[in-house]
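Counting starts at 1 for both ligands and their atoms, following the listed order. Keep in mind that what you see is a predicted model, and the values were worked out from it rather than measured.
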Amino acid sequence: MTPNRYSTIGDELFAAGRFDEALSAYRQALAASPRDAQARMGLDAILERARTAQPNAQLRTLLLEAYADEGANWDAVGWGAANQLVVGWPADNDLQRLAADPLLHAFLRKSLNRDADLERKLLALRKAVAAAEPGPQVGELIASLAEQAWLNEYVWPDDPAIVDEPAATMFRPPAVARAEVVEEQSLKVSIPEIAPITDAVSLSVQAMYETNPYPRWTHLARRPTVDVRAALMRDFPHATPVEFGNGPLEVLMPGAGTGQHPLTVASSYANAHVTGVDLSRASLAYGKRMAARYGVDNIEFLRGDILDLPKLGRTFDHAECVGVLHHMADPKAGLQAISDMLRPGAFLRLGLYGESARALVVKARRDIEMARLPSTLDGLREFRRKVMSGEWRRLRPLTAWEDFWSASLLRDLCFHVQEHRFTISRLRTFLEGSGLRFLGFEFNVGASQSAAANAGPLELYRARFPTERTMSDLARWEQLEREKSNLFPGYAFVCQKA
Ligand SMILES: C[S@@+](CC[C@H](N)C(=O)[O-])C[C@H]1O[C@@H](n2cnc3c(N)ncnc32)[C@H](O)[C@@H]1O
């Protein structure tokens with residue numbers, strides 16, 4: 001049996017919820033072929049979900065192996081690692097024991113913490129370490145906690161009494177700028193511009209992302225190569241088949257951010273060339289730095305407004321735009337600008353905020369406004385204090401959101417200068433007249449096991465409307481959403497240019 005066969009079996013077992021057996025299959029695949037991306041992704045998806053009430057030696061070993069593999073998804077495995085750290089945490093906060101824990105160091109340096117229990121323990125550890133006598137073990141703990149502070153962009157509470165380095169680097173950026181910061185400064189000026197930004201909302205959105213590029217990511221996880229058009233034709237067989245010839249698939253990514261999504265696309269879509277466009281030079285410089293680090297050269301970054309895309313004078317075979325259009329003054333104008341860039345038959349993958357999914361964020365935004373919390377690091381820290389201490393109890397569930405845990409993520413989540421939210425009926429008006437045909441929704445896009453994640457809502461639709469095979473009728477989806485709340489975590493969907 002080839003290693004890839006084991007990975008496929010792993011995926012089948014995973015989709016059936018037989019996680020122990022899936023884990024064995026993925027491990028066999030990786031033992032035979034350590035760079036097997038399918039098995040790595042499957043195993044990481046299991047480690048992401050792995051929770052135990054007591055420390056588990058096998059899980060610890062698997063987590064350490066994942067952290068030793070540059071191609072693993074450290075964001076995903078961080079969830080399982082946080083659980084192991086919490087359940088194995090020494091009751092007496094024993095510094096020696098903690099300093100000797102390789103999982104703690106790997107986690108702090110490679111995964112952003114997203115666990116409230118663990119944050120409390122890490123804050124106590126930081127306090128103890130700051131007060132401890134210097135020594136090699138304390139030095140290592142300081143270095144790891146400083147990396148975590150860099151990852152969360154210093155969103156944990158400050159302690160102005162700690163002024164001397166190295167301890168101060170657990171609270172504030174180091175006095176000597178990090179190499180990444182220096183490199184990004186010089187890269188910023190090398191990014192070509194489509195046209196100067198003039199739209200008032202675009203200018204204020206740009207200012208926000210110049211200060212807080214989103215998202216701050218640390219590594220490019222290995223992914224299996226995918227023929228994206230063939231995969232979309234399989235998922236949406238009612239789409240119109242169109243061949244674009246043998247040249248590279250020209251992919252447009254408006255709102256490229258810091259390049260995480262564009263680099264994932266450039267490194268995993270077969271024979272693709274990616275053009276990432278964004279308002280923020282700081283974000284694009286981050287993406288350029290990461291492209292150089294990972295040797296991804298089939299990508300270019302351009303600075304500009306989506307509204308000015310037509311000035312590029314080029315057309316594209318495929319586009320992906322996630323988490324962007326709802327931040328424009330007129331999302332429909334943004335959609336039209338993108339649609340105008342697409343060749344007939346091109347697919348467009350979109351991700352937009354949903355009104356009901358963001359009900360809690362709407363409350364948070366209201367409370368932030370009432371309390372006049374500024375959109376600064378101090379404002380973000382004060383917001384977190386109110387939420388985590390229970391002072392703003394009704395917002396406590398926000399800590400279950402992935403984007404609660406660093407400055408740029410939290411600013412984007414709750415302090416955004418401009419956000420629209422969609423309903424399905426608004427989606428219909430949005431798409432009308434755009435030259436785009438709605439093909440269907442995707443659930444949990446980018447998740448390692450999309451088939452399993454897709455199953456719930458799609459099965460519901462199939463059961464409810466068995467004769468509508470394309471599952472692309474927005475009126476029916478609207479009806480289903482009325483019958484079942486929380487169906488959509490947001491609207492992720494695919495269209496095709498007519
Ligand atoms: C929430 S981030 C999403 C980044 C990326 N798409 C992702 O999913 O990681 C939104 C990005 O859209 C960009 N953006 C917002 N409005 C834009 C516009 N009118 N033109 C170009 N980029 C825009 C912002 O600068 C920001 O980098």
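Residues S425 and E478 come closest through the heavy atom pair CB-OE2, 3.2 Å. Across all non-hydrogen atoms, the minimal contact from P248 to A272 is CB-C, 4.3 Å.
The protein atom (non-hydrogen) at minimum distance from atom 16 (N) of ligand 1 is L279 CD1, 3.6 Å. Atom 20 (N) of ligand 1 has I306 N, 2.9 Å as its closest protein atom, hydrogens excluded (heavy atom only). Summary of contacts: the protein heavy atom closest to atom 13 (C) of ligand 1 is D278 OD2, 3.3 Å. Nearest protein heavy-atom contact of atom 8 (O) of ligand 1 is V322 O, 3.3 Å. If you check which protein heavy atom lies closest to atom 15 (C) of ligand 1, you get V205 CG1, 3.8 Å.
Residue contacts with ligand 1 include G304, since one or more of its heavy atoms lies under 4.0 Å from the ligand. Residue contacts with ligand 1 do not include H261, since none of its heavy atoms lies under 4.0 Å from the ligand.
Salt-bridge check for R35 with D69: failed, with every basic side-chain N at 4.0 Å or more from each acidic carboxylate O. Of the charged side-chain nitrogens involved, at least one lies within less than 4.0 Å of a carboxylate oxygen, so that E250 and R314 count as a salt-bridged pair. Under 4.0 Å is where a charged nitrogen must lie from a carboxylate oxygen, and between K110 and E70 no such pair does. Between E243 and R229, no side-chain nitrogen of the basic residue sits less than 4.0 Å from a carboxylate oxygen of the acidic one, so the salt-bridge criterion is not met. A salt bridge between E391 and R385 is present, with a side-chain N of the basic residue lying under 4.0 Å from a carboxylate O of the acidic one. Here R40 does not pair with E65 in a salt bridge; the nearest charged N to carboxylate O distance is not below 4.0 Å.
By the criterion of a heavy-atom distance under 4.0 Å, the side chain of D412, and not its backbone, is placed next to ligand 1. Neither the backbone nor the side chain of P254 has any atom closer than 4.0 Å to an atom of ligand 1 (non-hydrogen atoms only).
With sequence neighbours excluded, the residues satisfying side chain to side chain donor-acceptor pair (under 3.5 Å) with Y461 are E468.
Here the rule is ring-ring contact (aromatic ring centres under 6.0 Å, His included) with H219, and of Y67, W74, Y294 only W74 fits it.
Ligand-side atoms of ligand 1 in range of D305: 18 (C), 19 (N), 20 (N), range being under 4.0 angstrom from any heavy atom. Atoms of ligand 1 found under 4.0 Å from any heavy atom of S202 (numbered from 1 in listed order, with element): 19 (N). Under a 4.0 Å criterion applied to the non-hydrogen atoms of M328, ligand 1 contributes the atoms 19 (N). Atoms of ligand 1 found under 4.0 Å from any heavy atom of G257 (numbered from 1 in listed order, with element): 4 (C), 27 (O).
Of the options G323, G255, P215, P213, the smallest heavy-atom separation from atom 5 (C) of ligand 1 is shown by G255.
The distance criterion of under 3.5 Å between nitrogen or oxygen atoms is not met by V324 with respect to ligand 1.
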